[in-house]
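One structure is given below, encoded as structure tokens.
Along the sequence shown, the residues carry numbers beginning at 1. Only a predicted model underlies this, so the values are computations on that prediction, with no experimental measurement involved. Reckoned from all heavy atoms, side chains included, excluding hydrogens, waters and symmetry mates.
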Amino acid sequence: MSTFFFCMTLSGCHEEETNEQESEPIVQSAVEGDAFASEYEISYDTKEYTPNVIIDQAGYEIEGIKTVLFRGDELSDTFQVYEYVTGNLVYEGDLVHTSNAELSIGYFTELRQEGIYYVQTDRIGQSYPFSIKKSKDIQVLYQSVVENFIKQDTRRYFNSENLEELFPVLLALEMYPGGFFDGDLFSTQNNIPDILDYMLEVADEIMKYDIYPEEINESNKTNTKLDITAVDEMRQAAFFGKLADTVNRYDSSQTSTYTKFAEQKYTYAVELMKKEAEDSASGKVSVITSEIAYFASSELYKLTGRYTYRKSAETYAVESGGTHIEDRDMFYGNTAYMSIRRSVNVDFCIDQMALMRKEVIAWEDDYRTSYYMVRESEAEDFLFQCIELLWIHELNYSQEYEELLDEIFSYFTGINMDGLSYSEEIGYTVSKESFENNVLLNNQYLLILGRKMQAMLEE
């Protein structure tokens, strides 16, 4: 269970239901009115290992929900599951047709016998082999996602817009610290998780090459730092504030350096905000500016305990309207404000939580039955909504959300419309290139993956 602290909790927790594992027999049928005969014969030609039978390449947990997707024209009405080694039939089920005429779903949750299997259906063929076991093979997946994270050029974060890519990773370390560790992926062995080591390197590079406006002279007027905005500086203040709070748990000797830099950035950002308001026809800063200022102020109040930051955070939240929860800066501001171990405005927390829950409820029913239909082009927004769901789930445990999150985890291990698996090492089909080239997508997935890793390591 995460040790992550929140300033508030809501009622409505549900008891976790448990299912007794079935020991008899493993040959089952879910086809109504049809007892499966032992002499059943396949009377058609099948293709071997077709990507049109899409399974979870990380495997299925024994007690978990087991889903398989089928793509193609004129799909059959039934599917079968066979043992990979012996070829013995162990399960038959009905296909559930979707609104997409070329996509159907099969469920074989009742199959709870550990082993290696494949799925087959008429007209399409059979799936790649997959496992059913106590827990998924996620360590290889973890290795791939972390490697992709730390291989990015640190200079990409000189552009403050790209710092948004690091916020879900910092939140992952805060929510699921037990899911990340100091492995052999980074050059140093210092008991600091590899992903945090990388972000410290990013921070040091930013501080090393940062040029404050007063240091820019006539000879370098074309320096891009002349074009910095309040949003740029506030985003850096938020990043360094959150980084300082995170690294404090591992090496407190570095905390003051990053805190000082965060406060410097914040101070200059406030000056830029004053100028932005003066130049604005409304006399106010933009909603975007207010939202990132809310995020940065909340992080600095959480870090330093200075009341001025709390007052500023609540002011900026009001100025932003406080209703744009779908905007990421507002969401991250809420995660910071609601996890503060100091006095806060509880009524404000309750209002924000209500808005977040309302947003999650708006899409959870659709995803509960069709998360796998999200195309790659929509995956980034989809995964951010999953992060919102994670946050709500941590504040108010729900068995329903627990099951939904476990299903959604499978999206990146093969159960998706494009049949893509994040890690080519873990599965048998296409490569991870599509996800690898989207840094924000990769880093958002680190948060989902951290939850699974922590649960696995705690077993």
Side-chain angles (χ1 to χ4, degrees), residues 17 19 22 26-36 40 42 44 46-47 49-82 89-113 117-132 136 363-376 378-379 382 385-386 389 399-421 427 429:
E17 297 180 3
N19 297 317
E22 297 178 13
I26 67 168
V27 177
Q28 306 159 23
S29 175
V31 182
E32 289 186 14
D34 182 21
F36 219 26
Y40 180 86
I42 298 174
Y44 53 87
T46 63
K47 304 173 185 177
Y49 298 164
T50 170
N52 289 323
V53 182
I54 304 170
I55 46 85
D56 186 340
Q57 297 171 67
Y60 299 85
E61 296 179 356
I62 288 177
E63 296 296 334
I65 296 172
K66 304 175 187 70
T67 308
V68 56
L69 304 185
F70 301 93
R71 293 188 306 184
D73 298 323
E74 299 181 0
L75 292 167
S76 172
D77 291 326
T78 63
F79 70 96
Q80 299 78 39
V81 182
Y82 295 87
L89 174 69
V90 295
Y91 188 88
E92 186 180 24
D94 288 322
L95 268 67
V96 179
H97 300 295
T98 70
S99 57
N100 185 325
E102 297 184 356
L103 182 68
S104 293
I105 317 165
Y107 296 96
F108 55 105
T109 302
E110 294 90 346
L111 180 56
R112 297 189 177 94
Q113 182 70 28
Y117 303 91
Y118 66 88
V119 173
Q120 184 167 285
T121 188
D122 195 357
R123 302 187 183 97
I124 294 181
Q126 66 188 55
S127 72
Y128 294 90
F130 61 87
S131 65
I132 294 179
K136 293 174 180 282
W363 59 261
E364 69 167 289
D365 287 340
D366 290 336
Y367 283 153
R368 192 177 302 282
T369 56
S370 60
Y371 67 89
Y372 42 77
M373 295 180 72
V374 176
R375 303 308 299 249
E376 180 192 340
E378 305 166 314
F382 161 66
Q385 289 176 323
C386 294
L389 176 60
Q399 179 62 21
E400 286 186 288
Y401 286 178
E402 184 78 17
E403 293 173 357
L404 178 57
L405 286 164
D406 282 342
E407 288 186 67
I408 289 173
F409 177 79
S410 300
Y411 176 88
F412 281 91
T413 51
I415 305 291
N416 60 71
M417 191 73 165
D418 298 307
L420 300 173
S421 173
T429 61

Item to complete: Find the distance between CD1 (Ile62) and CD (Gln113) and round it off to the nearest 0.5 Å.
Response: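 The CD atom of Gln113 is 8.0 Å from CD1 of Ile62, to the nearest 0.5 Å.
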Discussion item. Distance check, rounded to the nearest 0.5 Å: Glu92 atom CD versus Thr78 atom OG1?
Written reply: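 It is 4.5 Å, given to the nearest 0.5 Å.
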Non-hydrogen side-chain atoms of [X] and [Y] separated by less than 4.5 Å:
{"X": "Ile54", "Y": "Val68", "answer": "no"}
{"X": "Asp406", "Y": "Ile65", "answer": "no"}
{"X": "Val53", "Y": "Tyr118", "answer": "no"}
{"X": "Asp94", "Y": "Asp77", "answer": "no"}

Worksheet entry | Sole residue of Leu95, Asp56, Thr98, Leu103 in side-chain contact (heavy atoms from CB on, under 4.5 Å) with Leu69 |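 Exactly one candidate clears the test, Leu103.
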Discussion item. For the backbone of Gly59 and the side chain of Ser131, can you confirm whether one donor and one acceptor N or O come within less than 3.5 Å of each other?
Written reply: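 No, Ser131 side chain to Gly59 backbone: no donor-acceptor pair under 3.5 Å.
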Discussion item. Treating Lys66 as the side-chain partner and Tyr60 as the backbone partner, does any N or O pair qualify as donor plus acceptor under 3.5 Å?
Written reply: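 No.
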Worksheet item: Parallel, tilted or perpendicular: which describes the rings of Phe130 and Phe108, with under 30° parallel and over 60° perpendicular?
Response: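 It falls in the tilted class, 30° to 60°.
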Worksheet item: When you check the side-chain N and O atoms of Tyr91 and Glu110, is any donor under 3.5 Å from an acceptor?
Response: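 Yes, side-chain donor-acceptor contact under 3.5 Å.
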Practice prompt. Establish, from distance only, whether the side-chain atoms of Asp122 and Ser76 form a donor-acceptor pair under 3.5 Å.
Written response: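 No pair is found: no donor N or O on one side chain lies under 3.5 Å from an acceptor on the other.
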Could you pull out the closest heavy-atom pair between [X] and [Y], with the gap in Å?
{"X": "Glu364", "Y": "Tyr401", "value": "OE2-OH, 2.9 Å"}
{"X": "Ser104", "Y": "Leu75", "value": "OG-CD1, 3.4 Å"}
{"X": "Glu63", "Y": "Arg112", "value": "OE1-NE, 3.3 Å"}

Item to complete: Can you sort out the partners of Phe70 under ring-ring contact (aromatic ring centres under 6.0 Å, His included), two or more places apart, ordered by chain and number?
Response: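 If we apply the ring-ring contact (aromatic ring centres under 6.0 Å, His included) test to Phe70, skipping adjacent residues, the hits are Phe79.
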Worksheet item: Yes or no on side chain to side chain contact (heavy atoms under 4.5 Å, CB included) for Tyr117 and Leu111, after CA distance, side-chain angles and deciding distance?
Response: CA-CA 11 Å; Tyr117 303 91; Leu111 180 56; 4.3 Å; yes
